[in-house]
> 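One structure coming up, written as structure tokens, with questions to follow.
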Amino acid sequence: MRPGLTRSGRIRASAPALGVAGLTMAGADEPAIPDPTAASGGDRARRRMVEHDVASRGVTDPRVLAAMAAVPRHRFVDPAQMPEAYADRPLPIGGGQTISQPLVVALMLEALELAPGDRLLEVGTGSGYAAAVASLLVARVDTIERIAPLAVQAAQRLAGLGFDRVAVHVGDGSEGWAPAAPYDAVLVSAAAPLLLPALGPQLAVGGRLVAPVGPPGEQRLVRVRRGPEGFAPVEDLGGVRFVPLLPGVEGA
Ligand code: SAH
């Protein structure tokens, strides 16, 4: 157990430090991405990202689009990566892990059909970015990360930026997070070969689970609903590429 972690694995956070970024070059046919560290650059970069990379590729839920426009993605990456923060691709966040692509975060949150009173579980906190966006759409987010230093950093970031409806836990998310179950929505942010059996029972009746499932190169994004009569047949939402879900905990 390290300082900053409570016994339940929940992390107490302090304010994060921020660094400085450089400039970015856009490709010839791409609208330029404003420097997010310049005055109002973050707002302009996010507006461009939402219009160019998210809304134009099929995400229509206005609550999801507003949440994507509100979360400063550049504050969830290393200072050296800040100029790239609004490009529509995953970025390294340390520990061999990545912050998810904005379009994929938006598609998953839209597929979860979130309501303001919902409780959401995320497996795979990473940088905390998806949890931050989700927290603007629901009442409470519990997010679980197996790499302790990533969880500590995400918790510090989230608290420093005022995302106070997110609780970060260190643990193996393939077991879900029983203390706060049941959940109205479960977002799995790392790919397992099969749907995780522990998560189904932690889903409330009426709940939705969205997860990447399948071997590397053949992952599908799937949705499962839990109705009064049990689990509905799995829906295939399309091909995706996620880092693998791994067992156990590191660095705790
Ligand atoms: N949603 C994140 C990106 C997640 S990348 C973001 O917005 O930044 C996937 C994350 O899942 C990685 O940080 C990885 O360490 C974590 N992970 C992999 N297996 C896990 C497990 N069994 N339990 C919890 N987290 C896991």
Side-chain angles (χ1 to χ4, degrees), residues 5 9-11 16 49 54 64 67-68 70-78 81-82 84-109 111-112 120-137 141-158 161 163 166-178 180 183 185-199 202 209-214 216 219 221 240-252:
L5 298 187
R10 179 152 180 197
I11 294 164
M49 176 188 85
V54 180
V64 171
M68 295 293 292
V71 176
R73 192 168 192 263
H74 64 286
R75 304 283 295 264
F76 289 81
V77 301
D78 288 340
Q81 302 279 351
M82 276 191 188
E84 305 296 319
Y86 294 98
D88 191 43
R89 60 167 176 270
L91 291 171
I93 55 171
Q97 305 305 319
T98 53
I99 179 173
S100 305
Q101 186 185 349
L103 174 64
V104 174
V105 172
L107 286 169
M108 291 176 89
L109 294 175
L112 284 168
L120 180 143
L121 172 68
E122 182 192 29
V123 174
T125 312
S127 68
Y129 173 70
V133 180
S135 77
L136 300 182
L137 300 167
V141 175
D142 286 89
T143 179
I144 179 162
E145 170 58 53
R146 64 179 291 279
I147 302 179
L150 279 184
V152 170
Q153 193 183 35
Q156 288 177 339
R157 256 192 205 121
L158 289 161
L161 292 170
F163 292 99
V166 184
V168 181
H169 312 284
V170 175
D172 182 350
S174 53
E175 300 301 322
W177 183 253
Y183 303 96
V186 176
L187 169 66
V188 183
S189 295
L194 300 169
L195 275 171
L196 297 167
L199 299 185
Q202 294 184 22
L209 175 147
V210 169
V213 175
Q219 295 169 10
L221 190 64
V240 282
R241 206 164 57 189
F242 277 79
V243 297
L245 188 109
L246 297 173
V249 169
E250 265 181 48

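Ligands are counted one by one from 1 in listed order, and the atoms in each one are counted from 1 as well.
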> If we ignore hydrogens and angles and just use 3.5 Å, is the side chain of Q97 paired with the main-chain N or O of G95 as donor and acceptor?
yes
> Taking only residues two or more places apart in sequence or in another chain, which ones pass side chain to side chain contact (heavy atoms under 4.5 Å, CB included) with R146?
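Only L246, E250 meet the side chain to side chain contact (heavy atoms under 4.5 Å, CB included) criterion with R146.
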> Checking side chain to side chain contact (heavy atoms under 4.5 Å, CB included) for the pair V210/V186: CA distance, chi angles, key distance, verdict?
CA-CA 6 Å; V210 169; V186 176; over 6 Å; no
> Regarding T143 and E122, do their side chains bring together a donor and an acceptor under 3.5 Å, going by distance alone?
yes
> From L107 CG over to L112 CG, what is the distance, rounded to the nearest 0.5 angstrom?
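Here the interatomic distance stands at 11.0 Å.
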> Would you say the side-chain atoms of Q101 pair up with the backbone N or O of L103, donor to acceptor, closer than 3.5 Å?
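Looks like no, no N/O pair under 3.5 Å.
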> When you pair each N or O of ligand 1 with protein N or O atoms, which pairs come out under 3.5 Å?
unit_1: ligand 1; atom_1: 1 (N); unit_2: E122; atom_2: OE2; d: 2.9
unit_1: ligand 1; atom_1: 1 (N); unit_2: G124; atom_2: O; d: 3.2
unit_1: ligand 1; atom_1: 7 (O); unit_2: A130; atom_2: N; d: 3.1
unit_1: ligand 1; atom_1: 8 (O); unit_2: S127; atom_2: N; d: 3.0
unit_1: ligand 1; atom_1: 8 (O); unit_2: S127; atom_2: OG; d: 2.6
unit_1: ligand 1; atom_1: 13 (O); unit_2: E145; atom_2: OE1; d: 2.7
unit_1: ligand 1; atom_1: 13 (O); unit_2: E145; atom_2: OE2; d: 3.4
unit_1: ligand 1; atom_1: 15 (O); unit_2: E145; atom_2: OE2; d: 2.6
unit_1: ligand 1; atom_1: 19 (N); unit_2: L246; atom_2: N; d: 3.0
unit_1: ligand 1; atom_1: 22 (N); unit_2: D172; atom_2: OD1; d: 2.9
unit_1: ligand 1; atom_1: 22 (N); unit_2: L246; atom_2: O; d: 2.7
unit_1: ligand 1; atom_1: 23 (N); unit_2: G173; atom_2: N; d: 2.7
unit_1: ligand 1; atom_1: 25 (N); unit_2: R146; atom_2: N; d: 3.3

